Each structure stands twice: as structure tokens, then as C-alpha cells.
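Please read the structure below before turning to the comments.
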There are 2 protein chains.
Amino acid sequence: MTRAANEAAKAQRPARKEAEDVPIELGELSELIGYTLKRAQLKIFEDFLRCMAPLQLTPAQFSVLLLLDRNPGRNQTEIASTLGILRPNFVAMLDGLESRDLCARIRSVNDRRSHHLVLTDKGKAVLARAKKLVAAKHEARLNDLLGADNRAALVAMLAKIADEF
Amino acid sequence: MTRAANEAAKAQRPARKEAEDVPIELGELSELIGYTLKRAQLKIFEDFLRCMAPLQLTPAQFSVLLLLDRNPGRNQTEIASTLGILRPNFVAMLDGLESRDLCARIRSVNDRRSHHLVLTDKGKAVLARAKKLVAAKHEARLNDLLGADNRAALVAMLAKIADEF
DNA sequence: CTATTTTGATATGGTCCATAACAATTATCA
DNA sequence: TGATAATTGTTATGGACCATATCAAAATAG
């Protein structure tokens, strides 16, 4: 997100002649897909965190809870890989969720190397509340800004980029 | 929990007993704007780096060169803030570009605290080549995938999110 | 002139992301 | 069967980014 962006633009230019605050020109930057994508992504994540503040869930944590709910009993390698998280980095993430009693690692009897991952009752309750917050505050706000049709088209194009690019 | 464990054991695949590799369900994840945005952004940046490999420019470095070209003589505070980069972090970034002789810090005579930032001749040449690579390989590929109209609509919506969300 | 602000810079810490390596366990196959 | 290879979760580690506090030099305000 553009943090302290707007504030510091002044001074410099013609010493003390006339304070003609010449704005900086973005040029072709504003047409670059990478530039706009990154800025939009930061804004969306920022808003997500704000909406989710009462539940203290990051986007990544929320996505893990969603996957565990839909796919109970899968192991860490499976969940991590479908989210693009590397297995080593997934360990600490799961530790955090498990220490908050949102999910649990259950030793498999078939394969004693792996853990079956499941949501706890508290995890299910938190996820339910999180879903409502996301729908009512986060996604609804995007609908207000773009309209339902445009929002759907946007998501479809982004998914196409993610999958086929 | 035991119920979940039973389901989990059932859902687990011995992988060669009955080779049914049950795919993991994404569920509502695929409709979340944050999820699709992030994945698309990673793909786009990945492709950008690949296209720019011969010039060894990251998206952030490319955006700095673009800004310096359009706005020669601005100081570090101005360039960094318009890109959402914090001044402390911009120092090392400029060091990198300057050590490669792509830009230069020129001490201001009006204000001896600040530097006028300018592209070197080599910087201008590299930027020109970079622009061509981005247009011919990177952005063109997006046009092929989405079509020119959709691509423009996508960028417009992303810009709207970045600016008005 | 004194006090405050601004600029570039350093130091530092946090969060991700990526790789190597390891013990325990399981799978392969000669 | 038994030796070898592969897999799972894990630790350790390093790099890339991001954010805050702080500083000296210089400029500005009062």
C-alpha cells in the first residue's frame, strides 16, 4: 500500500522561486500490468487485514483454514503445495494455528511420518466468522467499487493469468 | 475429532492400493479476490524477470529507471515516495543502480542535503532496451492471453482498486 | 541566532521466501 | 528378505523486502 506516499512530495525544484509543486509523472508506469497488479494487491491485502482484525487472521492463514475445512485429513505436504507454500515454511505457520487451537495435527496410522490436518471446533467457528467478515466487508466493498459483473470478470481474468500465463 | 480422524483415514490414499489421487478442492478460495490477485501478481513478476533476464532488472528497478527518465533531477525522497518505497530502503536500491552506472546522484547546489537523480547514458540505453523487451515479450504475451480490450479493462480496474479502494 | 524541519544515510528487526540437510519412516526392487 | 531410494515433517540458514528509530549535515522558521 502507498504508505506515507502523499506527504513528502514538495520542497526541491526551484529553491524558493515560486512553489510550483510540479507533480511527478508516472509515464508508462501506469499502464504496466505488473505495477498496477502489485499496487492493487497491496491495497486488497491491507483491506483484508483490516476486515479480519477482530479474528487476527492473515490472508495466508485464512486460506489454510479454508483448505482444511474443505479437505480434512490431508497432510502438510499436500496443503502447503496447493497453496504454493514450501514445506519448511509451512511448519511455523501450522505451529501458529495449532497453538491457537484452530487446527490439529493427527498422527497417521497408515503412515507414521505424516500428519492428518483437521480443523478443531474452534477453528471451524473462527472460519465461519471469518467467512462472514470477508463476504460482508471485504468482497462486498469490491462489489461496490466495480459492480458485480466487473468484479467477476476481474477475478476470471486474474485466474486465467495465474493458471495459463 | 475422532470422527474427523476416521474421515481422514478414509480420505487418505495409500497411493497404490487404489490409485485415486483425489485432488484437493480449492472451494471458495478460487473466488477470493486476494487469492487470485496474489497468484496473478506472482506469475506476472516471474514472467517479467524472465523477459528482463538479459538486462538483469527487477520490476522495482525498472520502475525507478522509468521515473528517472520522465522526471530527471528529482531527489531521492520524491522518487521513493511516489513508488511507495521508504527512504531508508531506497538508499541501497540506488546504490545498486549507481554502481552499475545506470543512474547518478548529483549534489544539488540549491540544497546541499539532496541529490538530483539522473539517468546516465548507459542508463538511458538500458532503459530503452528494457522498454522494448517489456513491450515485445511481457505485455505482448498478456495481450495474446486476454486480448487488447480485456487487457485494458483489467489494468483500468486494477488502477481503480489501487487508487480508490 | 536558536530551534525546528528536511534529506540522505545507518542500524536494526520483522516477515516472507528459498535451499540444504537430517531423522524417522516407508517404498522399491534385486 | 534386505539394501537402497524416496518421502514426511522438521531445523537451520540466508536472502529479499519492509518498517521504525536515529543520526549528521544542511536548510528553514521564528
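Labels below follow one simple rule: chain letters A, B, ... track the order of the sequence lines, proteins then strands, and each chain is numbered from 1. Source: prediction; values computed, not measured.
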Can you pull out the residues from residues 48-62 of chain A that lie within a 4.0 Å heavy-atom distance of DNA chain C?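 Residues of residues 48-62 of chain A under 4.0 Å from DNA chain C: none.
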Between His115(A) (side chain only) and Arg105(A) (backbone N and O only), is there a donor and an acceptor less than 3.5 Å apart?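 Judged by distance alone, no pair lies under 3.5 Å.
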Closest non-hydrogen atom pair, [X] against [Y]:
X         : Y         : answer
His138(A) : Phe165(B) : O-CZ, 4.3 Å
Arg74(B)  : Pro23(A)  : NH1-O, 4.3 Å
Ser30(B)  : Thr36(B)  : O-CG2, 3.6 Å
Asp101(B) : Lys122(B) : O-CB, 3.5 Å

Contact under 4.0 Å: Thr77(A) side-chain N or O vs dG9(D) OP1/OP2: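 Thr77(A) to dG9(D) OP1/OP2: side-chain N or O found under 4.0 Å.
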OP1 or OP2 of dA9(C) less than 4.0 angstrom from a side-chain nitrogen or oxygen of Gln76(B), does that happen here?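 Yes.
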What donor-acceptor contacts under 3.5 angstrom involve side-chain atoms of residues 52-60 of chain A, with partners at least two apart or in another chain?
residue	atom	partner	partner atom	Å
Thr58(A)	OG1	Gln61(A)	N	3.1
Thr58(A)	OG1	Gln61(A)	OE1	3.4

So among Leu142(B), Leu145(B), Asp144(B), which one has a side chain to side chain contact (heavy atoms under 4.5 Å, CB included) with Arg151(B)? Leu142(B)
Decide, yes or no, whether a salt bridge links Asp163(B) with Lys43(A) under the criterion of side-chain N to carboxylate O below 4.0 Å. no
Could you give the [atom1]-to-[atom2] distance, from [X] to [N], as a whole number of Å?
X         : N       : atom1 : atom2 : result
Arg105(B) : dG8(C)  : CZ    : P     : 9 Å
Arg74(B)  : dG8(C)  : CZ    : C1'   : 17 Å
Arg87(A)  : dT10(D) : CZ    : C1'   : 13 Å

Please encode protein proximity along nucleotides 17-25 of chain C as a string of B, S and -, counting only heavy-atom distances under 4.0 Å. BBBB---BB
